[in-house]
Number of protein chains: 2
Amino acid sequence: MSDCVSCENLNCMIKKNIHHEGIQKYVSEKHNIICKKSQQFIMEGAPAHGLFFVRKGQVKVVKTGIYGREQIVRFAHDGEIIGHRGFGTTKHYPIGALAIKETHLCNFTNDVLQKMLKEVHELTFDMMLFYSEELNRSETKVRKFAQMTVREKVIDSFLYIYRKFGQCEDDFFNIQLPRKDFADFAGTTEEQVIRIISSLKKEKLLQTSGKKIGIIDVPLLKKEISEHNYFLDS
Amino acid sequence: MSDCVSCENLNCMIKKNIHHEGIQKYVSEKHNIICKKSQQFIMEGAPAHGLFFVRKGQVKVVKTGIYGREQIVRFAHDGEIIGHRGFGTTKHYPIGALAIKETHLCNFTNDVLQKMLKEVHELTFDMMLFYSEELNRSETKVRKFAQMTVREKVIDSFLYIYRKFGQCEDDFFNIQLPRKDFADFAGTTEEQVIRIISSLKKEKLLQTSGKKIGIIDVPLLKKEISEHNYFLDS
DNA sequence: CATGAAACCTGCTAAAACACAGGGTTTAAT
DNA sequence: ATTAAACCCTGTGTTTTAGCAGGTTTCATG
């Protein structure tokens with residue numbers, strides 16, 4: 001249950017390197033944590049005490065912005081890393097993280113992690129590649145925020161959620177978020193998000209039912225932003 | 001002249017690891033390139049053929065954005081890496097790079113680099129840390145772009161230039177850029193930049209003389225953005 | 001030193017985005 | 001079933017930003 005060998009998250013970096021002997025002795029030192037819905041497990045500004053992997057669940061990563069405005073950096077689910085931003089020179093987490101629904105986490109302390117990286121070079125290399133991809137993603141996001149209109153940013157956020165979490169047969173996202181969260185992720189206000197949702201519903205591109213949101217016509221929605229853009233995956 | 005041992009850029013990652021035996025045999029395989037002013041040496045979208053280090057000079061890193069609008073990702077000078085964004089999974093450069101003034105570059109091909117990383121684990125580790133710092137920087141930038149006003153973004157850009165290139169005794173930046181470049185970097189339009197420069201001149205915070213720009217009162221300018229912000233270094 | 005191009009500046013206008021206010025609806029707990 | 005809290009929605013006024021148009025300055029070059 002708690003060991004990595006039986007874990008199903010094949011995209012997890014530890015799992016991928018579990019066959020290396022150097023790594024196995026450290027796996028037993030990882031902590032398993034269970035978070036209830038909306039529970040925060042990383043505090044922004046707190047001393048970094050290691051890396052987290054999402055074993056199962058949904059997480060949002062936040063950062064306090066200007067005027068205390070909340071910014072959602074990204075969402076994460078099964079297999080993904082959280083807390084890697086605190087690993088460089090800074091010894092404090094630059095972000096906070098909280099569970100959207102009940103979430104099972106694996107936690108490696110910085111000490112253990114450091115030892116693992118020293119011993120298993122393939123892991124270090126994978127981490128480097130991971131960071132480099134994250135960097136590309138982040139810079140694409142900079143470009144988006146700098147140049148997209150609010151409507152485009154909101155649509156882009158919906159497509160991001162769609163790509164990441166998908167939607168069930170009834171065509172609603174496999175994740176439920178309040179409008180405010182979409183706003184904080186897209187970099188705008190709740191009102192704008194609501195207005196744009198209204199428009200998109202009228203245009204038969206989106207459907208809602210209470211908190212639930214789903215895309216009706218994915219290709220058409222995609223078309224609207226990919227028109228003048230190259231490929232922007234994030 | 002062309003070997004790393006005598007190089008003065010102590011912040012360069014290669015120089016830092018030059019004492020490792022594994023690295024020295026590869027240093028001879030690096031290429032030295034000299035770029036004239038405004039010459040482009042990385043084309044956006046071209047196949048990635050390695051990493052560049054700035055030996056001496058000034059470089060701007062650009063990315064074509066929405067509607068073909070140009071976005072300046074960052075500026076670089078002595079000792080800094082360029083082209084690392086093309087190293088992950090993508091085999092094409094996601095950015096372009098061009099010399100602002102005459103610039104001397106060192107170029108390692110991807111092959112050589114790969115070999116170096118395989119052999120010198122400290123280098124891989126350093127690269128990982130480098131990427132992780134870049135990621136933090138980039139995400140700070142996302143937040144800025146999402147939440148700052150145009151005035152704040154422009155001021156922030158001036159402070160960035162000040163931090164990175166400094167200014168001489170006559171209080172002008174050690175780099176000359178057209179207003180348009182500041183706009184592309186700050187994520188706004190040339191007109192806005194010009195307007196804000198005018199205001200700042202009236203407020204005795206900035207001085208200009210033709211293309212030259214300099215900050216008169218750094219702490220006061222800093223204060224304006226750091227007021228509601230935590231520490232934002234980029 | 002004339003000249004043309006590039007860079008810089010300003011005023012005006014329209015559009016985009018935000019903020020506030022107030023009302024409606026859903027949800028979950030008692 | 002009731003009630004409070006959280007969430008959702010819409011209208012209106014204001015601010016911010018972008019875009020255009022036209023003018024001036026600066027600077028390199030023949």
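To find a chain, count down the sequence lines: A is the first, B the second, and so on, and within it residues start at 1. We use all heavy atoms of the structure for the numbers below, so side chains are in, but hydrogens, waters and symmetry mates are not.
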Review point. With no hydrogens and no angle check, is any side-chain donor or acceptor of Glu152(B) less than 3.5 Å from a backbone partner on Thr149(B)?
Key: yes
- Query: Ignoring hydrogens and geometry, is there a side-chain-to-backbone donor-acceptor pair from Ser132(A) to Leu129(A) under 3.5 Å?
  - Reply: yes
Atom CD of Glu190(B) and atom P of dC9(C) are separated, to the nearest Å, by 9 Å
For Phe52(A) and His49(A), the nearest pair of non-hydrogen atoms, with its separation, is CZ-CE1, 4.1 Å
CG (Asp156(A)) and NZ (Lys222(A)) are apart, to the nearest 0.5 Å, by 11.0 Å
Hits for side chain to side chain contact (heavy atoms under 4.5 Å, CB included) against Val73(A), two or more places apart or cross-chain, chain-then-number order -> Val61(A), Lys63(A), Arg85(A), Ile95(A), Glu139(B)
Sorted by number, residues from residues 168-182 of chain B placing a heavy atom under 4.0 Å from DNA chain C are Pro178(B), Arg179(B)
The correct set of residues in residues 194-214 of chain B placing a heavy atom under 4.0 Å from DNA chain C is Ile194(B), Arg195(B), Ser198(B), Lys211(B)
**Prompt:** Sub-3.5 Å donor-acceptor pair from the side chain of Asn174(B) to the main-chain atoms of Phe165(B), do we have one?
**Reply:** yes
Determine, step by step, whether Asp181(A) and Lys60(A) satisfy the salt bridge (Lys or Arg N to Asp or Glu O under 4.0 Å) criterion, reporting the C-alpha distance in whole Å, the side-chain angles of both residues, the deciding distance to 0.1 Å, and the verdict. CA-CA 9 Å; Asp181(A) 278 8; Lys60(A) 68 174 173 181; 3.0 Å; yes
Between the protein and nucleotides 15-17 of chain C, are there any N/O to N/O pairs under 3.5 Å, and if so, what are the atom names and distances?
residue	atom	partner	partner atom	Å
dA17(C)	OP1	Val150(A)	N	2.8

So the contacted stretch of DNA chain D, first to last nucleotide with an atom under 4.0 Å from a non-hydrogen atom of chain A, runs from dC8(D) to dT12(D)
**OP:** Report yes or no: do Thr103(A) and Lys56(A) form a side-chain donor-acceptor pair below 3.5 Å?
**Re:** no
For Ile82(B) and Ala76(B) the tightest heavy-atom approach is CD1-CB, 3.9 Å
Closest heavy-atom pair, Arg55(B) versus Ser6(B), reported as atoms and distance to 0.1 Å, is NH2-OG, 4.3 Å
Residues at least two apart in sequence or cross-chain that pass salt bridge (Lys or Arg N to Asp or Glu O under 4.0 Å) with Lys153(B), listed by chain then number, are none
query = Would you say Gln58(A)'s side chain and Glu102(A)'s backbone share a donor-acceptor pair under 3.5 angstrom?
reply = no
